[in-house]
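Below is one structure, written out as structure tokens, with a few remarks after it.
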2 protein chains.
Amino acid sequence: MRLNLNKIIITMQALKATLQKEGLRYTRQRQEIWNELRSSDEHRDAEEIFFTLRKRGLNISRATVYRTIDVLVKNNLLDKLDIGDGRARFEYNEKYFHHDHLVCTRCGKIFEFHNDNIEELQNEIAKQKNFKILHHNHQLFGICEDCQ
Amino acid sequence: MRLNLNKIIITMQALKATLQKEGLRYTRQRQEIWNELRSSDEHRDAEEIFFTLRKRGLNISRATVYRTIDVLVKNNLLDKLDIGDGRARFEYNEKYFHHDHLVCTRCGKIFEFHNDNIEELQNEIAKQKNFKILHHNHQLFGICEDCQ
DNA sequence: ATATTAATGAGACTTAATCTCAATAAAATA
DNA sequence: TATTTTATTGAGATTAAGTCTCATTAATAT
Ligand SMILES: [Mn+2]
Ligand SMILES: [Mn+2]
Ligand SMILES: [Zn+2]
Ligand SMILES: [Zn+2]
């Protein structure tokens, strides 16, 4: 309880701090969108956030959801995930816990993985080509255990 | 010359064989699209193929380009590449030469890499999670040598 | 040569995402 | 606190990749 509440306060201040740093305003809508995204560990798309907030009675617009998510991604509060189905997904970025994804093409479930060796090999490849990596996409598509 | 001609004939027969296997017809449009894609080593999108063939005087439709590319991808004559800019790219699939990509976010150039260790580590990750990999996406985004 | 049926072209449609602009609400100022 | 300033918002128009429809055309089987 207390811990949860603390966590919420901390992340709301992370939002406030980020907006301040960017010279942006701490609005009701931005709070609601951020709170919605950071309070779940799923990989959610903009449309879904929009409808969730609407159903909850908030008079919010699609445009605001997209605009806010952009700000959050640019400031590393959210990670953007592209699994090639035409909709971008977003997840709360627990800093220092980077991970990539396995995507089940049958049921759509998304699993996570992290492998230091792969990360290191990526760096070597880039170094060798004198390429400065900013970010990367790495997804394994296939059939999950349950679906086989 | 002779070699080139042979290669074209071979790949046209690859197309013919694939279409036959699938019970599909060997049409002018499918030949032109396949020829256009297989005769370049770039990463091209459907719209670009459409306009190239149009400029060349062929009365082809967008729908046919998309439909044909689908068939070619499903039959592994083409690889589909998604670099997250909203347009799918395609490249001639030289079988047994799988590779992944580095994408320069400044100039858009696409470089290729292949690393057996990474491929193997991917398999281990999947095995451990009892996940059956069908394909994967692996892109490194950043700034290329020329753009730094 | 003719019949059969898959493939095509044109353009309507879908869908995620972006843009526009008048109205609204944060925050700065008095 | 009231007022002013200006960023943000909501509604809906717009864009763009890709899909769908359906009458017409062309590849193949007979
Ligand atoms: Mn994740
Ligand atoms: Mn390539
Ligand atoms: Zn599954
Ligand atoms: Zn570059």
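Throughout, a chain's letter reflects where its sequence line sits, starting with A, and its residues are numbered from 1.
Between the CG atom of B:Asp85 and the C1' atom of C:dA17 there is a distance of 14 Å, given to the nearest Å. Atom-to-atom, CZ of A:Arg89 to P of C:dA17 comes out at 10 Å; the value is rounded to the nearest Å. Rounded to an integer number of Å, the gap from A:Ile33 CD1 to D:dT8 C1' is 11 Å. Across the protein-nucleic acid pair, B:Glu47 atom CD and D:dA16 atom C1' stand 8 Å apart, rounded to whole Å. For B:Phe50 and C:dT8, the CZ to C1' distance is 13 Å, given to the nearest whole Å. Rounded to a whole Å, the CG atom of A:Leu15 is 12 Å from the P atom of D:dT8. Between the CG atom of A:Asp70 and the P atom of D:dT8 there is a distance of 13 Å, rounded to whole Å. A straight line from CD of B:Glu32 to C1' of D:dA27 spans 16 Å, rounded to a whole angstrom.
Within the structure, salt bridge (charged side-chain N to carboxylate O under 4.0 Å, His left out) pairs that include any residue of residues 71-81 of chain B do not occur (at least two apart or interchain).
None of B:Gln122, B:Glu120, B:Lys127 except one satisfies the side-chain contact (heavy atoms from CB on, under 4.5 Å) rule with B:Glu124; the exception is B:Glu120. Exactly one of B:Glu119, B:Glu112, B:His114 qualifies for a side-chain contact (heavy atoms from CB on, under 4.5 Å) with B:Asp100. That residue is B:Glu119.
Aromatic ring pairs are classed by plane angle as parallel below 30°, tilted from 30° to 60° and perpendicular above 60°; the pair B:His138 and A:His138 is parallel. Using the six-membered ring where Trp is involved, B:Phe141 and A:His135 have ring planes that are parallel, under 30° apart on the 30 and 60° scheme.
Checking side-chain atoms of A:Asn35 against main-chain N and O of A:Gln31 turns up no donor-acceptor pair under 3.5 Å. Distance alone, capped at 3.5 Å, is enough to place a donor-acceptor pair between the B:Ser39 side chain and the B:Glu36 backbone.
If you look at A:His98 and A:His136, their ring centroids are closer than 6.0 Å.
Annotation: proximity of residues 55-68 of chain B to DNA chain D (heavy atom, distance under 4.0 Å) is found for B:Ala63, B:Tyr66, B:Arg67, numbered in ascending order. The stretch residues 18-31 of chain A comes close to DNA chain C through A:Arg25, A:Tyr26, each having a heavy atom under 4.0 Å from the strand.
Ion pair B:Arg87/B:Glu48 not flagged as a salt bridge, since none of the NZ, NE, NH1 or NH2 atoms sits closer than 4.0 Å to an Asp/Glu carboxylate oxygen.
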